[in-house]
Amino acid sequence: MLLTQQHYTIVAMATLSHTSSLLFFARLSGLAVAVLVVFWALAFKSSFLSPSLSQQDLIYAVLHPLLMVIGFILLSGEAILVHRWLPGSRGLKKLVHLWLQGVALSCGIFGIWTKFQGNDGIVANFFSLHSWMGLVCVSLFGAQWLIGFMNFWHRGEVRTVRIRILPWHVFLGLYTYALAIATAETGLLEKLTFLQTKRNLPRHSTESMVVNSLGLGLALLSGFVILAAVSPKYHTIQNKLLYSDTKCLSS
């Protein structure tokens with residue numbers, strides 16, 4: 001019994017340390033991503049639109065990466081991590097998770113709406129793989145949020161149904177988050193290719209380095225967030241070890 005208790009303490013401390021490290025690196029990566037996308041949008045505004053277009057079009061063009069990266073990706077990632085760092089009851093965690101995901105969804109919808117405001121028209125802005133993935137991602141995110149609200153917050157379904165849905169809810173949540181990262185990466189590649197081929201942007205220019213660093217930051221961020229989400233929880237290990245203690249005593 002003493003050996004098992006010591007083992008429980010060691011494993012619990014290691015689990016807490018592991019989770020804290022993942023949260024720290026996830027936040028650090030998120031901060032780096034936020035700084036890079038703001039710097040890119042404000043310091044290189046001429047890259048988003050030609051000088052002949054209006055100031056309003058420039059605002060819409062700059063708002064798109066800000067809303068989709070900071071509002072949609074970073075907030076949805078933070079919502080995924082809520083169950084890892086927020087103290088309090090399970091109901092409080094679900095409420096914060098729901099609201100953060102709702103704000104992220106609103107930013108994603110508004111971010112796509114900004115692409116409808118260009119003078120080139122709707123079709124001209126939705127011809128690429130990036131645009132198709134973005135529409136699928138936000139649509140899937142909205143359906144996921146609605147299903148989560150109806151089953152886990154509104155409590156419209158019985159407990160057995162919620163238990164069956166939970167693994168799929170977790171899977172779809174992580175899949176949608178990964179899809180959002182992949183969509184952002186395709187958008188960065190599409191934008192950088194356009195700048196290098198149409199506007200002769202040097203490959204070793206400051207802006208190219210910023211965009212490449214932003215893509216790398218998003219890749220690191222997704223890894224830390226997903227790993228933190230799927231890593232064993234402190235309470236899960238505690239319950240397993242307590243069950244092991246009980247089984248050993250009964251035998």
Judged by atom type as modelled, is there a donor-acceptor pair below 3.5 Å linking the side chain of [X] to the main-chain atoms of [Y]?
X      : Y      : value
Lys191 : Ser47  : yes
Ser205 : Leu201 : no
Ser131 : Ser128 : yes

Measure across [X] and [Y] and return the closest heavy-atom pair with its distance rounded to 0.1 Å.
X      : Y      : answer
Thr183 : Thr186 : O-OG1, 2.6 Å
Ser76  : Tyr177 : OG-CD1, 3.6 Å
Leu179 : Met133 : CD1-CE, 3.8 Å
Lys93  : Leu86  : CE-O, 2.7 Å
Pro87  : Leu92  : O-CD2, 3.7 Å

Side-chain heavy atoms nearer than 4.5 Å, only ILVMFWY residues, links allowed to pass through others: does that put [X] and [Y] together?
X      : Y      : value
Val138 : Leu135 : yes
Phe126 : Leu129 : no
Ile73  : Val210 : yes
Leu188 : Val136 : no
Ile70  : Val82  : yes

Euclidean distance, [Y] [atom2] relative to [X] [atom1], rounded to 0.5 Å:
X      : Y      : atom1 : atom2 : value
Lys94  : Phe149 : NZ    : CZ    : 11.5 Å
Ile59  : Leu66  : CD1   : CG    : 11.5 Å
Trp145 : His169 : CH2   : NE2   : 11.5 Å
Leu166 : Arg164 : CG    : CZ    : 13.5 Å
Ile80  : Leu174 : CD1   : CG    : 5.5 Å

Taking ring pair (Phe, Tyr, Trp, His ring centres under 6.0 Å) as the definition, give me every residue that meets it alongside [X], ordered by chain and number, with sequence neighbours left out.
X      : answer
Phe110 : Trp113
Phe141 : Phe72
His130 : none

Name every donor-acceptor pair, under 3.5 Å, that has one atom in a side chain of residues 96-109 and the other anywhere in the protein, sequence neighbours excluded.
from, atom 1, to, atom 2, distance (Å)
His97, ND1, Ala79, O, 2.7
Ser106, OG, Gly102, O, 3.0

Evaluate Leu63 against Met68 for side chain to side chain contact (heavy atoms under 4.5 Å, CB included), listing each step before the verdict.
CA-CA 8 Å; Leu63 276 177; Met68 301 309 291; over 6 Å; no
Which residues share a side-chain contact (heavy atoms from CB on, under 4.5 Å) with Leu140, sequence neighbours left out
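For Leu140 the side-chain contact (heavy atoms from CB on, under 4.5 Å) partners, ignoring immediate neighbours, are Tyr175, Thr176.
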Who are the side-chain contact (heavy atoms from CB on, under 4.5 Å) partners of Ala32, not counting sequence neighbours?
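Scan of Ala32 (side-chain contact (heavy atoms from CB on, under 4.5 Å), adjacent residues dropped) gives none.
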Side-chain donor-acceptor distances from residues 211-230 under 3.5 Å, at least two apart:
from, atom 1, to, atom 2, distance (Å)
Asn212, ND2, Ser208, O, 3.1
Ser213, OG, Met209, O, 2.7
Ser222, OG, Leu218, O, 3.4
Ser222, OG, Ala219, O, 2.8

Looking at side-chain heavy atoms only, is the closest gap between Trp85 and Ser20 below 4.5 Å?
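No, too far: nothing below the 4.5 Å cut-off.
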For residues 62-73, which residue pairs pass the salt bridge (Lys or Arg N to Asp or Glu O under 4.0 Å) check, not counting sequence neighbours?
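Applying salt bridge (Lys or Arg N to Asp or Glu O under 4.0 Å) to every pair that reaches into residues 62-73, excluding sequence neighbours, yields nothing.
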With sequence neighbours excluded, give me every side chain to side chain donor-acceptor pair (under 3.5 Å) pair touching residues 27-36.
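Passing the test, one end in residues 27-36: Arg27-Glu78.
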In residues 35-43, what donor-acceptor pairs under 3.5 Å come from side-chain atoms, sequence neighbours left out?
from, atom 1, to, atom 2, distance (Å)
Trp40, NE1, Glu207, OE2, 2.9

Checking Gln196 now: which residues fulfil side-chain hydrogen bond (donor to acceptor under 3.5 Å, both in side chains) with it, not counting sequence neighbours?
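Here no residue qualifies.
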More than 12 heavy atoms of other groups within 6.0 Å of Phe25 CZ
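No, not enclosed.
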Would you list the pairs meeting ring pair (Phe, Tyr, Trp, His ring centres under 6.0 Å) in which at least one residue belongs to residues 186-218, sequence neighbours left out?
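Checked against ring pair (Phe, Tyr, Trp, His ring centres under 6.0 Å) - neighbours excluded - no pair reaches residues 186-218.
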